[in-house]
Amino acid sequence: MFHTHLNRFAGVLLAGLVAGLSGQAAAGSGTKPFDGTARVVAIGGSITEIVYALGEEDRLVARDSTGVYPPEAQALPDVGYMRALSPEGVLSVNPDAILALEGSGPAEAVDVLEKSSVPIVLVPERFDANGIMEKIAIVGAALNVPEKAAGLSAEVERELAAAQALTASIEDRKRVLFILSMQGGRIMGSGRDTAADGIIKMAGGQNAITSFSGYKQLSEEAVAEADPEVILMMDRGGDHGIADRELFAHPAIAPTKAARDKAIVRMDGSYLIGFGPRTAGAVRELATALYGSLAAN
């Protein structure tokens, strides 16, 4: 059985790949590349994006339901949502290897996959620029294309640096409340250590909620105390969506500066909080939405 968690190798891998090491050297750092003809399942939207950005999409035989970009990825079989996987569903496409974002689950399903005969690499998820570089390095090492990964890393790193520079001189940072869901009128918001927290910081904003980690339901008192200047949401419909008029009339939101200024930003979820090759574009777009002409090259 081949199974690698890679946390302990990530720093070495990243340094080696960016320096342009050969596939053999990268493998010697702790990652055994998949066979060149491996039929790979990608679990996690950013993993799918990275595989396509590396030009290795012909090796994909399936993806999870978050793997919606690029659009052609949606033609691949869908093995289910990354946090509600069925081992049988993943293995039903007869993969030779699995690339999965850490946090995929449930834990019991991942445990079954780890104990199967199919090689699996769990790719760490960190919500900053270095985390994206780490993902690219690990995926490139697993697919045995370190030169491609080094090139992609360099390009993404340049784009991220330029995007973050847009707000470097802004001192008055806007307080941003990310709302994951308004289902049933209950506000599910983001605290620290989340993808939303990471993208807000990268775009030059301040997360309005810092009293807890993860996503939690917010009380009216908590929202009032945070007094966000901008509401950030994923552009989505169904039970999780809400019209601007209803949002700003919500008892918890109505007294805030965001409601008074009708300040809301909606962006595609996989683009906004995917933390993959497109993140520099998301940072640039969010920074411009927050600060307008102040966010300038």
Side-chain angles (χ1 to χ4, degrees), residues 45-46 65-66 68-69 81-84 103 127 163-164 166-167 170-275 278-279 281-296:
S46 60
S65 61
T66 68
V68 296
Y69 188 89
Y81 177 48
M82 64 172 287
R83 302 196 195 283
F127 305 119
Q164 290 184 270
L166 294 176
T167 58
I170 294 175
E171 295 182 4
D172 186 14
R173 304 280 168 151
K174 290 197 175 179
R175 297 185 309 280
V176 181
L177 172 62
F178 178 82
I179 298 178
L180 179 66
S181 170
M182 290 285 294
Q183 192 171 18
R186 297 181 296 273
I187 301 174
M188 184 68 69
S190 168
R192 306 182 312 274
D193 308 317
T194 65
D197 180 64
I199 199 70
I200 288 168
K201 290 175 179 176
M202 290 177 75
Q206 269 187 311
N207 188 350
I209 302 290
T210 59
S211 58
F212 60 82
S213 295
Y215 297 95
K216 292 184 181 179
Q217 186 175 324
L218 302 178
S219 66
E220 290 187 22
E221 293 76 16
V223 176
E225 183 178 349
D227 192 20
E229 297 170 89
V230 179
I231 303 295
L232 176 62
M233 298 184 73
M234 292 187 286
D235 192 3
R236 59 203 299 191
D239 293 339
H240 294 285
I242 186 171
D244 290 0
R245 177 179 54 79
E246 295 176 74
L247 173 69
F248 293 133
H250 189 283
I253 303 293
T256 66
K257 191 174 191 305
R260 293 194 296 273
D261 294 342
K262 300 296 187 287
I264 183 169
V265 178
R266 297 180 189 264
M267 295 173 64
D268 174 76
S270 65
Y271 177 55
L272 176 65
I273 56 176
F275 280 82
R278 296 185 294 157
T279 295
V283 169
R284 185 179 294 272
E285 187 173 321
L286 180 55
T288 301
L290 293 177
Y291 299 108
S293 60
L294 292 178

Item to check | CG on D197 to OG1 on T210, rounded to 0.5 Å | outcome: 9.0 Å
Item to check | Test log, rule side-chain contact (heavy atoms from CB on, under 4.5 Å), inputs Y291 and L166 | outcome: CA-CA 10 Å; Y291 299 108; L166 294 176; over 6 Å; no
Next on the checklist: Please find the pair of heavy atoms, one from I209 and one from A222, that lie closest to each other, and give the distance.
Outcome noted: CD1-O, 4.1 Å
Checklist outcome for this item: So CG of L294 and CG of D172: to nearest 0.5 Å the spacing works out to 9.5 Å
Next on the checklist: I need the minimum non-hydrogen distance between A295 and T167, along with the two atoms involved.
Outcome noted: CB-CG2, 4.3 Å
Next on the checklist: If we ignore hydrogens and angles and just use 3.5 Å, is the side chain of N207 paired with the main-chain N or O of G191 as donor and acceptor?
Outcome noted: yes
Next on the checklist: Using 0.5 Å steps for rounding, measure from the OH atom of Y271 to the OG1 atom of T279.
Outcome noted: 9.0 Å
Checklist entry - Between D227 and R175, is there a side-chain N and carboxylate O pair less than 4.0 Å apart? => result yes
Next on the checklist: Please give me the minimum heavy-atom distance between A282 and L272, naming the atom from each residue.
Outcome noted: CB-CA, 4.2 Å
Next on the checklist: Could you check whether atom CD of E225 has more than 12 heavy atoms from other residues, nucleotides or ligands sitting under 6.0 Å from it?
Outcome noted: no
Checklist entry - Where is the tightest heavy-atom contact between V68 and S270, given as atom of each residue plus distance? => result CG2-OG, 3.8 Å
Next on the checklist: One pair to check against side-chain contact (heavy atoms from CB on, under 4.5 Å): M234 and L180. What are the steps and the verdict?
Outcome noted: CA-CA 7 Å; M234 292 187 286; L180 179 66; 3.5 Å; yes
Next on the checklist: Working to the nearest 0.5 angstrom, can you tell me the gap between I179 CD1 and Y215 OH?
Outcome noted: 12.5 Å
Item to check | Test log, rule side-chain contact (heavy atoms from CB on, under 4.5 Å), inputs L286 and V176 | outcome: CA-CA 11 Å; L286 180 55; V176 181; 5.9 Å; no
Next on the checklist: Looking at every non-hydrogen atom in both residues, tell me the closest pair between A208 and L177 and how far apart they are.
Outcome noted: CB-N, 4.1 Å
Checklist entry - At what distance, to the nearest 0.5 angstrom, does CD1 of I253 lie from CG of D244? => result 11.5 Å
Checklist entry - Going by heavy atoms in the side chains, are V265 and M233 under 4.5 Å from each other? => result no
Item to check | Minimum heavy-atom distance S46-G274, with the two atoms named | outcome: CB-O, 3.2 Å
Checklist entry - Looking only at side chains, do S213 and R192 share a donor and an acceptor under 3.5 Å apart? => result yes
Checklist entry - How long is the span from the OG atom in S190 to the CD1 atom in I199, to the nearest 0.5 Å? => result 12.0 Å
